[in-house]
S.K.: 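Have a look at this one before I ask anything.
Note: hydrogens, waters and symmetry copies are ignored here, and every other heavy atom, side chains too, is used. Proteins get letters first, then strands, A, B, ... in listed order; numbering begins at 1 in each.
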Protein chains: 2
Amino acid sequence: MRTPSHGRPSDPPTIGGDVGAGTRAVTRGSLGPPGTSAGRRASDEVGASGKESPVQSVDRAATILDQLAEAGELGVTELARRLGVHKSTASRLVAALEKWELVEQVEGRGKYRLGIGLLRLAGTAVAGLDVVEQARPVCRRLAAETGLTVNLAVLSDNHALYLDQVAGTSALQSYNWVGQRIPLHATSNGKVLLSGLDRHTVRALVRTLTAYTPKTITDLARLEAELDHARTDGYAIAVDELEDGLAAIAAPVRNAHGEITNSLSLSGPTFRLDPARLRGLRRVLIPAATEVSRRLGWRGQA
Amino acid sequence: MRTPSHGRPSDPPTIGGDVGAGTRAVTRGSLGPPGTSAGRRASDEVGASGKESPVQSVDRAATILDQLAEAGELGVTELARRLGVHKSTASRLVAALEKWELVEQVEGRGKYRLGIGLLRLAGTAVAGLDVVEQARPVCRRLAAETGLTVNLAVLSDNHALYLDQVAGTSALQSYNWVGQRIPLHATSNGKVLLSGLDRHTVRALVRTLTAYTPKTITDLARLEAELDHARTDGYAIAVDELEDGLAAIAAPVRNAHGEITNSLSLSGPTFRLDPARLRGLRRVLIPAATEVSRRLGWRGQA
DNA sequence: TATCCGAGTTGCGTATGCCGCAACTCAACT
DNA sequence: AGTTGAGTTGCGGCATACGCAACTCGGATA
């Protein structure tokens, strides 16, 4: 161990009570090592969950990115406190990240935020994903046929993460949701993604059912009922549940092992998508989602 | 110094002949520390480009991301070769990145590619950028008024990087360009961004004028003439220059110091945007871009 | 204007965390 | 079966990243 602080232990209280400043660790943020997504123990080192990191500094750097993503902007001192390291260490880590434009200073001398280097990388990352590549032609066709907006989502952490979007002709104005993280219980995509999980996992993922509109599902039993429907029918619907005036229908995309890995959705303004039409869209949507699954190696039965 | 290797030179073959394995350093990829973007002299120092990295491992990790962005997929051994480090080192770095889903294995045991953790971060990054936030309402209005697709771009490295996009009603089908990097000389956005730079810098940025269509500008003199027009007229146009059938007009966005930091564009299918109409769009586009500049603190004269 | 305070950066010495080595595992070919 | 080639892991030494403290810088207070 180097200093009594931040010795990366596993269980005991292990506060980073070290140097002069009272350094306190913070609970896992949004990104976080995979494995434990739900119930985390309280008051743990920020980078401690899961397996040991093979390279400490990289782990700390990633933690910085994670914390910045969660908080928006943070100063060096605050970052140091959250990591449980000395100011100077945080400063050097941030400087290393800044050199690659992964973070940037907000104003001459001050706080830091995530930088556009991440955008460059993300652009390549999304292009390299099999799903996106395989789904794109299908999405384009869907958008052309229906005139609606097509979205491709994946389960990430405990949110739906939009991977790709194709805007159709009748979109009033749609901006980009790609990279955005959306609550699971209030969207058609979210319901479909949840429908691939067992009841226990679902409960772990949706701890709180936040109401975004009067029509948002806030009752766990009702949500589970909808998930059951989604499992048997092969699609899910959400109308005015995340945002008033927004309606959508989604269907699952499966990988070669038959697991629901992604979700494909059609969305548009509620006034143009009455219940009958929305439900009718399953006839084009489900085959499209199935085709994507096929391209990914799925050989099962829809 | 640790090993004599990985001297990150810029251009010549510059072998990092070091340890046992024939490790070779690689020329800078796409991301790269800011500062020197074009070809600098081949100084032999380790931290050659710009300043030394304050944290070696973080620097190496970032290099890995950069190399993966450039190559798509790479194995551990190949990464090690490019970094000029031992296999095991590369393996551990990659493992650290994988823990945060910044990279992921393509198939059980094999090559690595960029991961979706980057998407999560990028989503937050773009949301936190002042420009995007300030430009969004303006973009929405533009899209609603014109029915065309609106894009917001920034100069990054030696490409145009799309930061945000709003699709209008008449978009046939538009998919997401956000995060994509587009050549500067073949797009209206690129021309506008270049118009903010002096002739010397422009020449350094566009080394080669690749032809994407028969109408792509491949003559430096002609490009510079267009840039001059853009400087005096306050907008730039590109028709069928990047992709056949794609037309666009762009106008500059300035920061508080009056520097051209971003570019706002309207684009649509060529058959719907005859030269007269395209040019006429400047009457709505330029005021919109100016409004964004104002929001960013610009007090100058359009 | 002078003084303090809080925040970020930098030189330095140290021990710790990382790196290279080599042995290991595992597939894919021959 | 043997061979090659690629990725992972235990180990020991030493370079590296850390903590410390002194420094700079700007803003607030008196």
S.K.: Under 4.5 Å between any side-chain heavy atoms of B/Leu74 and B/Lys111, yes or no?
M.R.: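 Side chain of B/Leu74 against side chain of B/Lys111, heavy atoms only: no contact under 4.5 Å found.
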S.K.: Tell me which of A/Gly75 and B/Thr89 sits closer to the 5' end of DNA chain C, going by the nucleotide each one is nearest to.
M.R.: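 It is A/Gly75 whose nearest nucleotide is closer to the 5' end.
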S.K.: Rounding to a whole Å, what distance do you find between B/Lys111:NZ and D/dG5:P?
M.R.: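 That distance rounds to 14 Å.
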S.K.: How far apart are the C-alpha atoms of B/Leu79 and B/Gln67, what are their side-chain angles, what is the distance that settles it, and do they pass the side chain to side chain contact (heavy atoms under 4.5 Å, CB included) test?
M.R.: CA-CA 8 Å; B/Leu79 280 171; B/Gln67 291 295 318; 4.2 Å; yes
S.K.: Not counting sequence neighbours, which residues clear side-chain hydrogen bond (donor to acceptor under 3.5 Å, both in side chains) with A/Ser156? List them please.
M.R.: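 Scan of A/Ser156 (side-chain hydrogen bond (donor to acceptor under 3.5 Å, both in side chains), adjacent residues dropped) gives B/Arg120.
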S.K.: CD of A/Glu73 versus P of C/dA7: gap in Å, rounded?
M.R.: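 For the pair A/Glu73 CD and C/dA7 P, the rounded distance is 16 Å.
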S.K.: Please report, rounded to the nearest Å, how far the C1' atom of D/dT8 is from the CG atom of B/Leu79.
M.R.: 15 Å
S.K.: Starting at the 5' end of DNA chain D and moving along, which residue's nearest nucleotide shows up first, B/Lys87 or B/Arg92?
M.R.: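 Checking each residue's closest nucleotide, the 5'-ward one belongs to B/Lys87.
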S.K.: According to a strict under-4.0 Å criterion, is B/Thr77 in side-chain N/O contact with OP1 or OP2 of D/dG5?
M.R.: no
S.K.: Provide, to the nearest angstrom, the distance between the CD atom belonging to B/Glu98 and the P atom belonging to D/dG7.
M.R.: 13 Å
S.K.: Pick the closest DNA chain C nucleotide for A/Val76 and for B/Ala90 by heavy atoms, then say which residue is nearer the 5' end.
M.R.: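 Comparing both residues, the 5'-ward one is A/Val76.
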S.K.: Determine: side-chain N/O of A/Tyr112 to OP1/OP2 of C/dT9, distance under 4.0 Å, yes or no.
M.R.: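 It does, given that an N or O in the side chain of A/Tyr112 lies less than 4.0 Å from OP1 or OP2 of C/dT9.
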S.K.: Counting the atoms with a prime plus P, OP1 and OP2 as sugar-phosphate, which does A/Ser57 contact under 4.0 Å by heavy atoms, base, sugar-phosphate, or nothing?
M.R.: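 Sugar-phosphate: the residue A/Ser57, judged by heavy atoms under 4.0 Å, touches backbone atoms but no base.
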S.K.: Given atom NE2 of B/His86 and atom P of C/dG20, what is their separation to the nearest angstrom?
M.R.: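 My rounded result for the distance is 7 Å.
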S.K.: Separation of A/Asp59 atom CG from D/dC18 atom P, in whole Å?
M.R.: 12 Å
S.K.: Does B/Arg60 put a side-chain nitrogen or oxygen below 4.0 Å from OP1 or OP2 of C/dC19?
M.R.: yes
S.K.: Would you say B/Ser91 reaches D/dG7's phosphate, i.e. side-chain N/O to OP1/OP2 under 4.0 Å?
M.R.: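 No.
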S.K.: My understanding is that only residues two or more places apart in sequence, or in another chain, count here; which of them pass salt bridge (Lys or Arg N to Asp or Glu O under 4.0 Å) with A/Glu104?
M.R.: A/Arg113
S.K.: I'd like to know if B/Ser88 reaches the base of C/dG20 with its side chain, counting only an N/O donor and acceptor under 3.5 Å.
M.R.: yes
S.K.: Do you see a donor-acceptor pair shorter than 3.5 Å between the side chains of B/Thr201 and B/Asp198?
M.R.: yes
S.K.: A/Leu93 has an atom CG; how far is it from atom P of C/dG8, in whole Å?
M.R.: 14 Å
S.K.: Let me know the distance between CD of B/Gln56 and P of D/dC18, rounded to the nearest Å.
M.R.: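 Whole-Å distance recorded here is 11 Å.
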